[in-house]
Amino acid sequence: MFPTPIERAPRATRFTYRAALYVSLAVWLLPMAGVALTSVRSIDDLNRGNLWGWPSEFRLVENYTAVFADTRMAQFILNSVLITVPAVAGAVALACMAGFALAKFRFRGNLALFVIFIAGNLVPFQILMIPVRNLTIEIGIYDTRWALILFHAAFQTGFCTLFMRNFIKQLPDDMLDAARNDGLSEFQIFRHIVLPLVRPAIAAIAALTFTFVWNDYFWSLVLVQSDDVRPLTAGLQSLRGMWLASWHLISAGSIVAAIPPVLIFFFMQQHFIAGLTSGTPND
Amino acid sequence: MTGASAPGSSSSISAWWWRHQRTLTPLILLAPACLLFAIFVIIPIGMSLSLSLYDWDGVGPKTWVGFGNFAELFGDPVFFTALKNNLLWLLIYLAAPMLGLLLALFLNQGVRGIRPIRALFLMPFVVSQVVIGLIFAWFLNPEFGLLNPLLAKLGLGPVAPLENERWAILAVIAAGLWPQTAYCMVLYLTGLTGMRPELIESARLDGARDHTLLWHVVLPQLRPVTFIAAMVCVVSALRSFDLVMIMTAGGPYNSTNVLAYYMYEQTFLSLRYGYAAAIAAVLFGLMACCVAFFLWRLLARERG
Amino acid sequence: MRGPLGLVLACVLAMAGPASARTLIINANTSDPAPRAAWEAVVADFRRDNPGVEVKFNLYDHESYKKSIRNWLTGASPDVVFWFAGNRMREFVGRNLLTDVSGLFDDEVRASISRAGIDLVSVEGRQYGVPYSYYQLGLYFRRDLLERAGVKQAPATWADLIETCRALKADGVEPFAIGSKDLWPTAAWFDYINLRSNGHAFHMALTRGEVPYTDTRVRAVFAKWGELLELGCFAKNHASLSWQESQALLYQGRAAMMLIGNYIVANFPSEVRERMDFAPFPAMQHAAGKHEEAPTNSIHIPAAARNKEDARRFLAYVLRADVQERINRALLLLPLNQKAAIADDRFLKKGQALLSNAEALSQFFDRDTNEELATIAMKGFQEFMINPERLDQVLEGIERARKRIYKN
């Protein structure tokens with residue numbers, strides 16, 4: 001194990017290590033801690049310049065209530081959910097199908113298609129911006145959640161397909177051949193054999209894709225105009241314009257915006273990390 | 001398995017299907033993904049590239065200008081500032097893998113409670129860039145931000161990086177480095193746990209010290225991880241938009257502009273869709289070179 | 001279509017059909033607390049008077065509204081949009097993006113709104129919007145801070161202004177608060193120095209793109225501005241402050257004056273209000289009060305609006321004296337309908353007096369000139385304020401853009 005396992009070191013070193021862990025974590029998360037602290041302050045504290053000290057009064061309930069009561073934050077969160085969940089479901093479904101096709105079948109253009117999926121996922125958004133926006137206007141889904149759902153499902157399919165294809169490729173061929181000899185059609189193999197086996201991979205890309213789509217800001221700006229449809233990221237930025245210099249409210253709003261992906265992350269840590277590190281071959 | 005040859009009879013169709021289903025199924029499975037991907041990603045790329053050869057304000061007719069947009073681009077000082085900022089971003093982001101490695105080495109111990117601590121270190125990556133941008137923009141605000149009082153406690157003077165034309169872009173990139181380092185850390189952590197223990201143990205038995213081990217045994221094994229980390233950092237650096245928009249909107253007076261944001265401004269503020277498409281084309285070209293390089297290396301490994 | 005996805009898509013598109021015929025969608029930029037409440041009340045009353053119409057009132061913050069309005073006019077349009085009269089409106093009219101509403105301006109209306117007011121929403125004799133409020137710009141200052149520094153009256157001439165700055169600095173107060181992060185506060189300074197030095201006609205010619213920015217008369221404006229910069233008259237760190245953040249400096253007593261529009265009055269905290277006062281921008285070659293800025297807000301109907309009938313009703317509603325009075329009482333701005341009473345406020349009274357005696361009114365830099373050029377020029381103003389030695393470079397940059405934008 002590298003570096004030298006700390007268990008073998010003398011007690012003092014172990015103690016120092018632990019202390020260093022906590023200190024470094026505190027420094028690392030300092031900005032977030034600062035924001036969390038500010039979100040419970042009152043505006044007087046901010047005006048008086050009491051930014052790092054103990055809050056003179058705890059306005060946790062008031063601030064967070066203000067965030068929800070005076071603004072359309074709840075609507076923004078709902079929109080984010082209504083956009084992200086279908087988009088993730090769509091991308092995952094398409095990726096399973098396409099990943100299976102690319103992984104276990106040989107046909108001309110297999111590798112080329114695979115490369116196109118990878119490359120398409122790496123392009124800068126801006127090259128897509130004008131045509132996609134015009135497309136959504138022409139179809140009539142501009143400024144509806146469907147514009148975002150369809151776009152994200154399409155775009156994230158690139159990454160998800162890459163992941164599923166690599167994962168499915170590792171499934172033993174003889175298992176599939178045995179199933180074929182048993183008379184199963186390819187669709188049946190897909191449904192009854194492959195899908196159950198790729199559940200961990202599905203969890204991984206679902207967690208990751210959820211985070212990417214939920215946190216997207218650019219496309220919410222480009223494809224959406226009204227508050228009814230706006231997701232959380234764009235909503236938070238627009239509220240900043242309305243909250244003037246009310247940093248305690250902006251902080252509370254930021255914390256609220258940060259909570260959902262963090263929750264998903266904590267519950268699905270294993271899958272999340274597996275998804276992020278899939279491309280690292282450990283031979 | 002040949003059924004009756006009467007046309008339209010179900011048994012002949014199912015027989016035909018059964019003969020061909022092995023070749024047709026993958027195509028059917030691929031079709032929805034390819035269709036959606038083509039409509040929303042591949043075709044728009046072509047459309048944007050073609051749009052860059054026109055002058056268009058989004059409403060009226062398109063006027064052909066050939067390479068006129070590109071010629072104008074190369075005489076545009078804002079374009080060069082944006083390009084410079086993107087390259088600076090790229091360079092600084094390449095420090096992320098190194099910092100991530102250091103963090104990973106630090107956290108690669110089996111002490112009790114290390115799992116939640118590692119998860120907490122990853123948090124900046126999980127949170128939206130909008131939130132990161134807001135946090136840092138406010139941190140660095142000279143009147144109401146949290147940084148200056150902190151510096152004052154340490155005896156240092158107040159700073160206002162976001163309004164200084166030289167320092168602003170560095171402040172924005174630093175904000176981005178935070179989640180990016182977290183991501184690289186996770187990559188390296190997984191890489192470290194996947195290393196072959198025998199190599200390390202035998203090197204230790206030979207008396208090798210930790211830093212020699214690191215250079216000669218560990219890093220070579222982590223090369224694939226470094227590859228991926230570098231690729232992701234390059235792609236992220238070229239894509240950067242959110243942080244610029246939230247923290248500075250390209251200011252002060254364009255000194256933190258980046259190609260992605262300049263393109264957005266040209267489309268929605270200046271209404272020069274053709275010019276914006278030209279900027280996007282340059283960005284795309286840059287990205288294509290980097291991606292081609294990475295894909296070439298990736299394919300070499302796939303084939304081998 | 002192919003496959004289950006296509007079926008789903010088709011069903012969805014069928015459900016997301018056109019809005020019902022009696023929905024009225026209004027997009028507004030009146031997101032600050034006081035205007036928001038005022039307009040929500042007006043819309044509520046309109047809803048009450050028009051029970052068959054479902055009115056959706058969408059609010060946006062100013063900066064993103066400015067960026068989004070073009071999307072709306074060229075994409076899926078709401079039925080009513082808030083915007084600005086004058087050249088800003090004319091830009092859209094020139095591209096056929098707004099509906100002609102001249103029918104609303106009957107004799108009764110024409111008798112209530114000043115000639116200048118109607119001109120602001122007219123192109124070649126036809127009207128394309130309804131103006132609902134305008135306001136003056138000038139120096140809003142803390143009388144008590146000036147007195148404490150030994151300045152008895154508001155500065156009346158340029159020389160007075162320089163003296164006032166010196167006195168304030170000696171007293172440890174920043175003379176001018178300004179927030180240049182959103183760029184346009186810098187243009188207030190440019191406009192007024194230009195109006196006072198070179199007059200309204202020249203200012204209009206410049207904003208119409210007819211005069212090069214490297215002209216000596218333009219340079220003279222920057223020379224004067226430079227005098228203030230040399231003395232350090234502007235509060236530090238303005239490039240990272242929005243104007244809302246910079247007004248706090250006035251209320252905290254760290255700055256004494258601000259060149260801004262009357263909308264700031266609504267934000268005065270109660271304990272500071274009595275100590276604030278207003279004065280027009282000081283005289284230079286031209287007297288104060290002759291040429292003033294009076295940005296005018298208005299509402300319009302996009303050409304692609306789906307419900308024009310109810311939209312016209314709404315516009316006619318906003319033309320009424322009682323409605324204009326209500327809106328402007330809450331906004332503390334001035335109505336264009338002269339039959340409407342104004343709120344009993346000393347700032348408004350001063351503004352009313354100032355604007356009704358003005359010879360000519362301009363609309364503010366970023367409304368009078370092409371928007372792209374305005375942004376480029378204002379970035380230049382900000383750069384000049386921080387680095388005055390770069391004047392040549394800045395002017396050349398603006399001039400390059402002007403040549404490109406106004407070539408036709």
Side-chain angles (χ1 to χ4, degrees), chain A residues 1-6 21 25 28-29 31 34-35 46 51-52 94 97-98 100-101 105 107 115 119-120 122-124 126-128 130-132 151 153-155 157-158 161 185-187 211 215 217-218 233 236-237 245 247 250 254 257-258 261-262 265-266 269 273 276-277 279-282, chain B residues 21-22 25-26 29-30 32-33 36-37 40-42 44-45 47-48 51 105 109 111 117 119-121 123 126-131 134-135 138-139 144 146 149-150 186-187 190-192 194 200 210 213 218 224-225 228 235 238-239 241-242 246 260 263 267 273 277 280 283-284 287 291 295:
Chain A
M1 172 138 165
F2 185 83
T4 319
I6 210 88
L21 265 185
L25 189 63
W28 186 250
L29 293 182
V35 171
L46 293 175
L51 299 171
W52 280 109
L94 294 180
M97 299 195 292
F100 178 51
F105 293 90
F107 52 89
V115 166
L122 295 174
V123 293
Q126 284 68 27
I127 195 86
L128 307 176
I130 300 173
V132 169
F151 175 77
F155 190 77
T157 298
T161 305
S185 77
E186 299 302 318
F187 275 119
T211 307
N215 288 342
Y217 174 59
F218 181 76
T233 43
L236 185 62
Q237 169 70 343
W247 291 106
I250 300 177
S254 304
V262 169
F265 168 63
F266 270 106
Q269 253 179 73
I273 293 180
L276 278 182
T277 57
T280 55
N282 293 310
Chain B
Q21 59 104 25
R22 186 118 186 240
T25 310
L29 287 175
L30 268 175
L36 216 55
F37 205 66
F40 281 98
V41 182
I42 305 299
I45 296 179
M47 289 172 68
S48 267
L51 183 60
L105 289 173
Q109 297 290 349
V111 298
I117 292 184
L120 283 172
F121 266 93
M123 252 229 298
V126 171
V127 165
S128 166
Q129 295 244 303
V130 174
V131 176
L134 278 179
I135 291 179
W138 174 46
F139 227 64
F144 304 101
L146 294 178
L150 205 59
V186 166
L187 287 181
T190 313
L192 283 172
I200 304 188
D210 266 358
L213 256 183
V218 175
V225 180
I228 302 256
V235 169
L238 290 178
R239 253 189 192 167
F241 172 87
D242 293 6
I246 304 279
M263 189 263 177
T267 308
Y273 283 47
L283 188 56
F284 179 72
M287 189 81 96
V291 168
L295 278 179

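Letters A, B, ... mirror the listed sequences (proteins, then strands); counts begin at 1. In what follows, every heavy atom counts, from backbone to side chain, and hydrogens, waters and symmetry copies are set aside.
Only the side chain of A:Phe265 comes within contact range of chain B, with at least one heavy atom under 4.5 Å from a heavy atom of that chain. For A:Phe187, the parts lying under 4.5 angstrom from a heavy atom of chain B are both the backbone and the side chain. Both the backbone and the side chain of A:Phe155 come within contact range of chain B, with heavy atoms under 4.5 Å apart. Only the side chain of B:Phe139 comes within less than 4.5 Å of a heavy atom in chain A; its backbone stays farther off. With a threshold of 4.5 angstrom between heavy atoms, A:Thr211 approaches chain B through side-chain atoms but not through N, CA, C or O. Residue B:Phe121 touches chain A through both its backbone and its side chain, counting heavy-atom pairs closer than 4.5 Å. There is no contact between B:Leu238 and chain A, counting heavy-atom distances below 4.5 Å. In this structure, chain A has a heavy atom under 4.5 Å from the side chain of B:Val235, while its backbone stays farther away. Looking at B:Val130, the atoms closer than 4.5 Å to chain A (heavy atoms on both sides) all sit in the side chain, from C-beta outward. Heavy atoms closer than 4.5 Å to chain B are found in both the backbone and the side chain of A:Phe218.
Looking only at distances, no side-chain donor or acceptor of A:Asn215 sits under 3.5 Å from a matching main-chain atom of B:Gln129. Between the side chain of B:Arg239 and the backbone N or O of A:Gln126, no donor-acceptor pair lies under 3.5 Å.
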Using side-chain contact (heavy atoms from CB on, under 4.5 Å), reason through A:Phe266 and B:Val126 one step at a time and then give a plain yes or no. CA-CA 10 Å; A:Phe266 270 106; B:Val126 171; over 6 Å; no
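The candidate with the highest count of non-hydrogen atom pairs below 4.5 Å against chain A, out of B:Met47, B:Met123, B:Met287, is B:Met287. Comparing B:Leu51, B:Val131, B:Leu283, B:Leu134 by heavy-atom pairs within less than 4.5 Å of chain A, the highest count is held by B:Leu134. In terms of heavy-atom pairs under 4.5 angstrom with chain B, the leader among A:Val132, A:Val115, A:Leu21 is A:Leu21. The candidate with the highest count of non-hydrogen atom pairs below 4.5 Å against chain B, out of A:Leu122, A:Val262, A:Thr233, is A:Leu122. Considering only heavy-atom pairs separated by less than 4.5 Å from chain A, the leading option among B:Ile135, B:Ile42, B:Leu29 is B:Leu29.
If you take CD1 on B:Ile246 and CG on A:Leu236, they are separated by 7.5 Å, rounding to the nearest 0.5 Å. Atom CD of A:Gln237 is separated from atom CG of B:Asp242 by 10.0 Å, given to the nearest 0.5 angstrom. In this structure, CH2 on A:Trp28 lies 14.5 Å from CD1 on B:Ile117, to the nearest 0.5 angstrom.
Residues A:Thr157 and B:Ala33 approach most closely at CG2-CB, 3.9 Å, considering heavy atoms. The two residues A:Ala101 and B:Pro26 have their closest heavy-atom pair at CB-O, 3.5 Å. Considering all non-hydrogen atoms of both residues, A:Leu128 and B:Val41 come closest at CD2-O, 3.3 Å.
A heavy-atom distance below 4.5 Å is not found between the side chains of A:Thr161 and B:Phe37. B:Leu30 has its side chain out of reach of A:Phe100: every pair of non-hydrogen atoms, C-beta onward, lies at least 4.5 Å apart.
Note: B:Phe241 and A:Tyr217 have tilted aromatic rings, judged against thresholds of 30 and 60 degrees for the angle between ring planes.
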